[in-house]
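What follows is a single structure, written as structure tokens, with notes after it.
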There are 2 protein chains.
Amino acid sequence: MASKQQSEKEFLKNYNIHDYEVPLTSVDLVIFTVREERLHVLLVKRADHPFMGQWSLPGGFIDVHKDKNLEATALRKLKEKTGVKAPYLEQLQGFGSKTRDPRGWSSTFVYFALIPSDLVELSQGSAVDAVQWFPIAQDQPLPHLAFDHTEILEVALQRLYNKVEYSSLAAHLLPAEFTLSELQQMYQLILGRPLDKSAFRKRIKEGDFLEELNGQFRYGSNRPAQLYRLKQGLGLVYYARSLSSD
Amino acid sequence: MASKQQSEKEFLKNYNIHDYEVPLTSVDLVIFTVREERLHVLLVKRADHPFMGQWSLPGGFIDVHKDKNLEATALRKLKEKTGVKAPYLEQLQGFGSKTRDPRGWSSTFVYFALIPSDLVELSQGSAVDAVQWFPIAQDQPLPHLAFDHTEILEVALQRLYNKVEYSSLAAHLLPAEFTLSELQQMYQLILGRPLDKSAFRKRIKEGDFLEELNGQFRYGSNRPAQLYRLKQGLGLVYYARSLSSD
DNA sequence: CGAATAGTGTCTTTAAGACATTATATT
DNA sequence: AATATAATGTCTTAAAGACACTATTCG
């Protein structure tokens, strides 16, 4: 153990993390997409112990050589599993306890990602038998998940539902170009309730995070709909007031 | 390395975390209080390398034997430094990178605590020379902090300012019993702007997180003020609308 | 033209801001 | 009574909800 007398340089030369009992630390991801009018979450079947053969959230250990920070680990894992490079990504929360992993004290930094389904190419990673989208729906319960991943997924869903109420978050589940009606449908799908068209559009205009694609429309057997895309480099826009108050 | 053929039990018997290069993992705390009409943050002077002698946020390593989960580590550290057992405590965010600690890849789970100043008894911990409250103010810059703690503190302050706008958070900085005027002053102090008394009170009543202490008043050379306390077991109350929109 | 969805306008409702007024203690 | 702060009431404002109405394309 280091003495107080030595210099910082000397101290670092003698420092060895393996002199201490440390927790396992990993990064896990809750990746959502919407396909076929339904919210889905990405799960992987574990190829190794512990919980071999069970479904779990994608994730893994920090590579102390490759990853420069936590977000880099999350992006690396995301790309391995989905091929998506630039998703909406934010940190959800850390989870850590003595009991969540049979190997011992374990902690994980969980990230929360939204990706438009048109960008996804699922790939089989080296340590997984399978990668699969599972719909989030009452009538279709998810399989039992490894570790505390059922609880983590629940926290992620709450974050999603809440944040959609007062921010532009839902737009990140759509392809790059979309109409206001498509955006409203996305909000409705996630919130599980219809929204008033007029109020919705006033809010979006107020938020000022979309740009009109001049002269570009979505055509159908009706009046064509103006196409929009997200203004670049804006991040999320938050509203002063939540979508509904009761 | 474990083979896929063995049982989970066998696998765990042979598993050794020290076979891998793992990041350092710690828990740090941003502890706020308000004393003498000013927001303060608790800092400790580091007694050991690295950054010996520099001020830093209180924190330390997870004790894999004592701590049952991350929050337990945070509460243990908080109690060691302040004597406070049941503060307002929430997880702020994880921070982790190759460069934040000279010992190597390092990650930390940062917790955010609010404590009423009347409960605090500062104590000198074993690994610190000093524990001290520092005022948060433009005209009084904080010392240069160890690691990335300046950045972490900035994130915590933003969380504080934001959350006070739309929740009952500020009430957790007051002693157990307080008047509505005292509560309003606390909000004003943190937000740095005056609030309208009538609007403020309507909001608090709407939130319904206070209970009147029947017949108990704060006396002065004026009309006595009704005393209130937080309703127990409620957690934070969030408003549908932020305090001000411009 | 009819069907269908896009897009806008008007009135109401809700919660907050501005600000005046009343209430009740001490000195 | 004067003073000080507590507590409440009224009017206005901002943004959302309800809902009707107009616009524009295709078949």
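Naming convention: chains lettered A, B, ... in sequence-line order (proteins, then strands); numbering from 1 in each chain.
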**Fill in**
From CZ of B/R201 across to P of D/dA7 the rounded distance in Å is 5 Å
**Item:** Length of the CG-C1' vector between A/L195 and D/dA15, whole Å
**Value:** 15 Å
**Prompt:** C/dG7 base to A/S181 side chain: any donor-acceptor pair below 3.5 Å?
**Reply:** no
**Item:** A/L227 CG - C/dA6 P separation (whole Å)
**Value:** 11 Å
**Request:** Would you check if there is a donor-acceptor pair between the side chains of A/R229 and A/Q216 at a distance under 3.5 Å?
**Result:** no
**Item:** Side-chain donor/acceptor of A/K202 to base of C/dG9, under 3.5 Å
**Value:** no
**Prompt:** Does A/S221 or A/S198 map to a spot on DNA chain D nearer the 5' end, using the closest nucleotide for each?
**Reply:** A/S198
**Message:** Need one value for B/T179: base, sugar-phosphate or nothing, where a base atom within 4.0 Å counts as base even if backbone is also close, heavy atoms only.
**Reply:** nothing
**Message:** Nearest whole Å is fine: how far is D/dA4 C1' from B/K197 NZ?
**Reply:** 11 Å
**Fill in**
Contacts of A/E206 and A/P224 projected onto DNA chain D by closest heavy atom; the upstream (5') one is A/E206
**Message:** Checking B/D208 against B/K231 for the salt bridge (Lys or Arg N to Asp or Glu O under 4.0 Å) test, could you report, in this order, the C-alpha distance in whole Å, the side-chain angles of both residues, the deciding distance, and whether it holds?
**Reply:** CA-CA 9 Å; B/D208 193 33; B/K231 285 191 181 170; 3.0 Å; yes
**Message:** Please report whether the ring centroid of A/Y166 lies less than 6.0 Å from that of B/Y166.
**Reply:** no
**Polar side-chain contact B/R223-C/dA23 base: donor and acceptor under 3.5 Å** = yes
**Request:** Starting at atom CG of A/D196, determine the distance to atom C1' of C/dT13, rounded to an integer number of angstrom.
**Result:** 13 Å
**Asked** Please give, in whole Å, the distance from D/dT24 P to A/Q226 CD?
**Response** 13 Å
**Complete:** Here the distance between atom C1' of C/dA6 and atom NZ of A/K205, to the nearest Å, is 11 Å
**Request:** Report yes if the distance between the aromatic ring centroids of B/F95 and B/F147 is under 6.0 Å, otherwise no.
**Result:** no
**Message:** Rounded to whole Å, please give me the gap between CZ in B/R218 and P in D/dA7.
**Reply:** 11 Å
**Fill in**
The single option from B/Y88, B/F112, B/W133, B/F134 that satisfies ring-ring contact (aromatic ring centres under 6.0 Å, His included) with B/F32 is B/F112
